[in-house]
Amino acid sequence: MSVLIDRLSRIVGARHCLASAEELFVYECDGLTLDPVRPVAVVLPADAAEVSGVVRVCSELGHPVVPRGAGTGLSGGAQPIEGSVVVECSRMDRILEIRPEDRVAVVQPGVINAELSTAVAELGLFYAPDPSSEQVCTIGGNVAENSGGPHTLKYGTTTNHVLALELVQSDGERLRLGSRAGRSREFDLVGVVVGSEGTLGIVTEISVRLSPIPEGVETLLAIFDDTVSACRAVGSIIRSGLIPAALEIIDQRTINAVEDSVYRAGLPRDAGAVLIAEVDGAPCSLPGEVERIGECAREAGARECRVARDEAERARFWRARKGAFGAMGRLAPDLYVHDAVVPRARLPEVLEKICEIGDRYQLTLSNVFHAGDGNLHPNISFDRRNAEEVERVIAAGREILETCVAAGGVITGEHGIGVEKRDYMKLVFEDEDLLPMLYVRDAFDPERVFNPTKIFPTTRFCFESNPRARGYDRVPFK
Amino acid sequence: MSDDRKTQPAGTPERPDRAQLLRQLGAEEHAPVSIDGALVHRSLRPGDAAAVAAILSQLRGSDIAVVVRGAGSSPGPSNPPKRADLLLETTKLSGVDDFDPEEGVIHVGAGTRLSTIREAARAAGWELPLDPPGTSATLGGVLARAAVGPRELGFGPARDCVLGLDVVLADGTVTRCGGRVVKNVTGFDLARLYTGSCGILGVIVGAWLRLRPRPAAVKALRASGFDRPRLLAWTAEAALRGTARAAGLVTSGLLPGGSTEEGCLAWVEFAGEVLAVEEDANATFRALPGVEEVEEAAGPLREWQAASLGDRALRARLHAGTGSIETASAALEEAGFAQLVYPGTGTLYAHTRASALHGPIKILRSLRERLGGDLCFEEMPDDAKADYDAFEVSPDERQLWSALKQRFDSEGRLNPGRGAGRL
Ligand SMILES: Cc1cc2nc3c(=O)[nH]c(=O)nc-3n(C[C@H](O)[C@H](O)[C@H](O)COP(=O)(O)OP(=O)(O)OC[C@H]3O[C@@H](n4cnc5c(N)ncnc54)[C@H](O)[C@@H]3O)c2cc1C
Ligand SMILES: Cc1cc2nc3c(=O)[nH]c(=O)nc-3n(C[C@H](O)[C@H](O)[C@H](O)COP(=O)(O)OP(=O)(O)OC[C@H]3O[C@@H](n4cnc5c(N)ncnc54)[C@H](O)[C@@H]3O)c2cc1C
């Protein structure tokens, strides 16, 4: 082992090679905390050349490599593997180039998502993918998970905003994929690296597309007596031909958790659900769009529609939405954040079924989700010290995913498979469907150095996350 | 049998066993069909995924090369097949199998013509976000090529509308990737890998597509009579507007007669909410004297995109990026290329006619290097195809594509030679 540490230290410097038990402790898991695994070392390289050296040593000595950004992933993508070396990219946090005329930024993988938008705001630009964890998660992690956010509905997920990548392979070679002028139309490899959860190599540089800050934004809060009506409103907004920037639903349990927390936004505690609808673009057309959304909401049974009067009120609505996971840390010691997608028209019935599952298993289940994309986040609050309850959480989780798949949906919309859902892959795919995925992995990483136990089914099973223990309830909100 | 040999100028001579195998599959001989110069004498038109799978699995272990064809309509970028024994035509894999008008998603067979999908979508208030040139193109051909038209500015690249694909692998394995929902990270994003891979990894048999709501308003403008820099600036400015869906400029060299006096031609199209379209169109109208409102902008641009200078024509597509569009266009003009320019997507189509391509290609390559962009040859004389790869991928990318091809199609059966780097 000391040979490994010695060689790694020589590459990244002893300070940036962690190998003591105390140092390794915090790296034992990511946002999925129940099955911690201690890595043999954690290295924090300063640049791509160091990453390349580190990977070469690990390959040579037979240690799996687990790439890591900020460790906010919820499916165990950055969870260590037995005998692995974790390569954390947090020191590679420089914005290398901003080209406003091309609307392109070149960044290192450790750049924090929200910091990029902040850096380019004065140019009238922003980086569109906005996961709720934007204040802490890294763009490298976003690329690996193909992360989305509330504004995915209009702007797309990470993959729609990545133009080019540098990827370090298992032999340490650095490959450049795509070009800063854009991904090639034919023979695009960037698209398969985005969303590959750190299994194809370590991304050491990313060229991303920046978007112009919209001239106008209007945000509407529609208040409903129940979640199902809010879902119906979403269906009719989609059918009306509008493309809102965001359509997010928060249910009553979450509203109350939020109102009890630092994220409180003055949401009505007695509401069954609220829908946050946002439209952006040319200011001249926004009032009409808000009007039409209001109509859809009222027809679906909204008892009140409030349009944010100013930026402060708008920020308050969003604080409630983006702080929801953190706020839910108050409901119980642990929180299982599910992530599944169904066709939007099926949301009302699926949601009813999910609540029924929660009740049947006597669990505290709440929902806060990207309704416009049909992307559900049923969250189960529990206490992991109660083994019997944990069993119920697992069983309910599986039923929820089965329900979503039966409705034509899939088992993850943005959090990824990781270790959490690798054994659920077969709910969606036949063995044959996994074959080409294996071909891809083997073409990129024939030695299976990178994150070898992730995504593909095994018999092992892991789950859960504890927002409070992980500090997500302290995720700052600007 | 001896006839088989006689009529087999391309590819490997037909051995008795392979002729028998082809006949067993029901592929009777017919007059030769040229696929990029390779003559094929036998074809099959399977009616569903299972039939495609049956054909490919029976070919396992043989050295029979299969060339996939949709409508066969496109003279688009491609390398000639290295071997071609059997034409697999997808035209019977056609039809809309499932359409959810609430959701705006549709499942169609790969052999379906885009026009059919477009009509089905339109009838329910949706729009198919694919508008490549040509009227007979099949979905499979368009996705295999990732072919797009002038509305790429508004629609995004072809891969963005693909939610899921049904693909039969080279060994006959029937697979599925993605799904029918609009957001999905369940496993690798294979749909993006297949889209644009020119059929070298598998045969696309069906797809789930995401439609877009039909816009409430559309307005088209046309400008002419100005020199290239002035008109390009106008087009580029229009392309930055929020509702711009297409914006393109054709330089005089491409116009009939190639007269410079007439200046260049430009079209822009806005689509979206009524007031926003109105505002963008008005501002663009006022930005240059003599602009006229016209019925259609995307239509003429699409035709110009398919334009060819004819004999010994070279048509290259250069992705220069939006910020370098003027630099790239000026450099191309200086070097004597006629152009179609889409400033909003940073794409230029550079046209020239040359007896020797070495000179023009050198210029294009150095421009690509300078701008950090991408280059692809959409049309070139047949005799040049042996010397130039249509898809100028980097050595890094070629290495990975080679590894992918090896795994997806170890016998090199599907569209051999037609991929990037002649894979
Ligand atoms: C409170 C909270 C809210 C969240 N909200 C959202 C949301 O709205 N939308 C959403 O999509 N997700 C959300 N997430 C999940 C998570 O934040 C995202 O998946 C995020 O992209 C992970 O980034 P990270 O830097 O923390 O990556 P990590 O968790 O460290 O890693 C994630 C994956 O990326 C890989 N990886 C990291 N860096 C690299 C690299 N340089 N090269 C190759 N692979 C790499 C890892 O191996 C791992 O597989 C949320 C999480 C929390 C805790
Ligand atoms: C005059 C003209 C010029 C054009 N120029 C261009 C151009 O330069 N660039 C461009 O991108 N588009 C161009 N097009 C647009 C055209 O829509 C596309 O090229 C499209 O690929 C043609 O579809 P098809 O069905 O005719 O495909 P085909 O010509 O039959 O096939 C195109 C390619 O796709 C493969 N393929 C077809 N179906 C499948 C399948 N189901 N699974 C796997 N592989 C398959 C074929 O093997 C072949 O490599 C042009 C069209 C016209 C009419």
Side-chain angles (χ1 to χ4, degrees), chain A residues 99 101-103 145-146 148 152 157 159-160 175-177 179-182 184-189 191-192 194-196 235 239 241 243 281-282 284-285 288-289 341-345 373-375 408-414 416-417 425 428-429 432-433 435-437 439-440 442-444 455, chain B residues 77 100 102-104 125 145-146 148 156-157 159-160 169 173-177 179-190 192-193 196-198 213-214 216 242 273-276 279 319-324 346 371-374 376 391 393-394 396-397 400-401 403-404 407-408 419-420:
Chain A
R99 298 160 58 96
E101 64 293 353
D102 281 323
R103 292 181 178 167
E145 300 288 6
N146 189 12
T152 296
T157 56
T159 191
N160 303 103
L175 300 185
R176 291 204 161 264
L177 310 178
S179 79
R180 64 177 184 216
S184 35
R185 194 183 285 171
E186 301 91 354
F187 299 98
D188 168 39
L189 288 170
V192 78
V194 178
S196 61
R239 273 194 309 280
I243 308 181
C284 62
S285 64
E289 293 180 41
V341 190
V342 296
R344 292 163 288 198
D373 295 311
N375 189 178
V410 294
I411 58 175
T412 171
E414 55 180 21
I417 299 292
M425 281 288 268
V428 181
F429 293 124
E432 289 78 8
D433 304 329
L435 259 184
M437 294 190 200
Y439 293 157
V440 169
D442 288 346
F444 278 81
I455 299 181
Chain B
D100 182 347
E102 301 275 291
E103 187 75 1
R145 279 274 172 74
V148 292
R159 53 182 172 253
D160 282 4
L169 302 181
T173 309
V174 182
T175 69
R176 214 163 45 79
C177 65
R180 55 169 294 172
V181 288
V182 298
K183 196 172 174 192
N184 186 357
V185 293
T186 312
F188 293 157
D189 196 346
L190 295 176
R192 281 173 199 271
L193 187 71
S197 65
C198 291
R214 276 179 67 190
E273 293 296 307
V274 179
L275 294 176
E279 187 174 78
H319 295 268
T322 50
S324 305
L371 304 175
D374 254 319
C376 163
F391 311 97
V393 293
S394 67
D396 284 358
E397 294 186 320
L400 282 170
W401 277 105
L404 285 165
R407 282 161 180 91
F408 276 80

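Reckoned from all heavy atoms, side chains included, excluding hydrogens, waters and symmetry mates. Since this is a predicted model, take the numbers as computed values, not measurements. Chain A is the first sequence line, chain B the second, and so forth, proteins listed ahead of strands; every chain is numbered from 1.
In this structure, the portion of A320(B) lying under 4.5 Å from any heavy atom of chain A is its backbone and not its side chain. The parts of S197(B) that come within reach of chain A are both its backbone and its side chain, each placing non-hydrogen atoms under 4.5 angstrom from that chain. Contact of I243(A) with chain B is made through the side chain alone, with heavy-atom distances under 4.5 Å. Contact annotation for L169(B): only side-chain heavy atoms (C-beta onward) come within less than 4.5 Å of a heavy atom of chain A. Of the two parts of V274(B), neither the backbone nor the side chain holds a non-hydrogen atom closer than 4.5 Å to a non-hydrogen atom of chain A. Residue contact with chain A, scored on non-hydrogen atoms closer than 4.5 Å, involves the backbone and the side chain of E103(B) alike. For L175(A), the parts lying near chain B are the backbone and the side chain together; criterion is any non-hydrogen pair under 4.5 Å. For E145(A), the part lying near chain B is the backbone, with the side chain staying farther off; criterion is any non-hydrogen pair under 4.5 Å. For chain A, the nearby parts of T186(B) are the backbone and the side chain; heavy atoms of each come within less than 4.5 Å. Contact of E397(B) with chain A is made through backbone and side chain together, with heavy-atom distances under 4.5 Å. For R159(B), the part sitting under 4.5 Å from any heavy atom of chain A is the side chain, from C-beta outward, and nothing else. Within the 4.5 angstrom heavy-atom criterion, atoms from both the backbone and the side chain of M437(A) approach chain B. Heavy-atom distances place both the backbone and the side chain of D373(A) under 4.5 Å from chain B. Heavy-atom distances place the side chain of T157(A), and not its backbone, under 4.5 Å from chain B. F188(B) touches chain A through backbone and side chain together, each having a heavy atom under 4.5 Å away.
In terms of heavy-atom pairs under 4.5 angstrom with chain B, the leader among G235(A), G241(A), G413(A) is G413(A). Heavy-atom pairs under 4.5 Å with chain A were tallied for G346(B), G187(B), G179(B), P157(B); the largest tally goes to G187(B). The candidate from L371(B), V174(B), V182(B) with the greatest count of non-hydrogen atom pairs under 4.5 Å with chain A is V182(B). Contact count against chain B (heavy-atom pairs under 4.5 Å) is highest for V410(A) among V410(A), V192(A), V428(A). Here P436(A) is the residue among P436(A), S196(A), G409(A) with the most heavy-atom pairs under 4.5 Å with chain B. Taking V342(A), I455(A), V440(A) one by one and counting their heavy-atom pairs under 4.5 Å with chain B, the maximum is reached by V440(A). Among K183(B), E279(B), R180(B), the residue making the largest number of heavy-atom pairs under 4.5 Å with chain A is K183(B). Of the listed residues (L190(B), D100(B), V185(B)), the one with the most heavy-atom contacts under 4.5 Å to chain A is V185(B). For the set L435(A), T152(A), N160(A), D188(A), the count of heavy-atom pairs under 4.5 angstrom toward chain B peaks at D188(A).
Scanning both residues, C376(B) and P77(B), for their nearest heavy atoms gives SG-CB, 3.7 Å. Closest heavy-atom contact between R176(B) and F429(A): O-CE2, 3.9 Å. Looking at every heavy atom in both residues, A146(B) comes nearest to G196(B) through CB-CA, 3.7 Å. Residues D189(B) and G191(A) share a closest heavy-atom pair of CB-O, 3.7 Å. When all heavy atoms of T412(A) and G416(A) are compared, the pair lying nearest together is OG1-N, 2.9 Å.
Between C198(B) and F391(B), some side-chain heavy-atom pair lies under the 4.5 Å cut-off. The shortest side-chain heavy-atom distance between V341(A) and N184(B) does not fall under the 4.5 Å cut-off. Put simply, the side chain of L189(A) reaches to within 4.5 Å of the side chain of L193(B), judged on heavy atoms.
Using a distance-only test at 3.5 Å, with no hydrogens or angles considered, no donor-acceptor pair links the side chain of N146(A) to the main chain of V194(A). The main-chain N or O of A282(A) is found under 3.5 Å from a side-chain atom of S285(A) such that the two form a donor-acceptor pair. Judged purely by atom type and a 3.5 angstrom limit, D396(B) uses its side chain to pair as donor or acceptor with the backbone of R176(A). Without hydrogens or angle criteria, R344(A) side chain to E102(B) main chain gives no donor-acceptor distance under 3.5 Å.
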Could you walk me through whether L177(A) and L400(B) pass the side chain to side chain contact (heavy atoms under 4.5 Å, CB included) test, one step at a time?
CA-CA 10 Å; L177(A) 310 178; L400(B) 282 170; 3.8 Å; yes
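The pair E186(A)-R145(B) does not meet the salt-bridge criterion, since no charged nitrogen lies less than 4.0 angstrom from a carboxylate oxygen.
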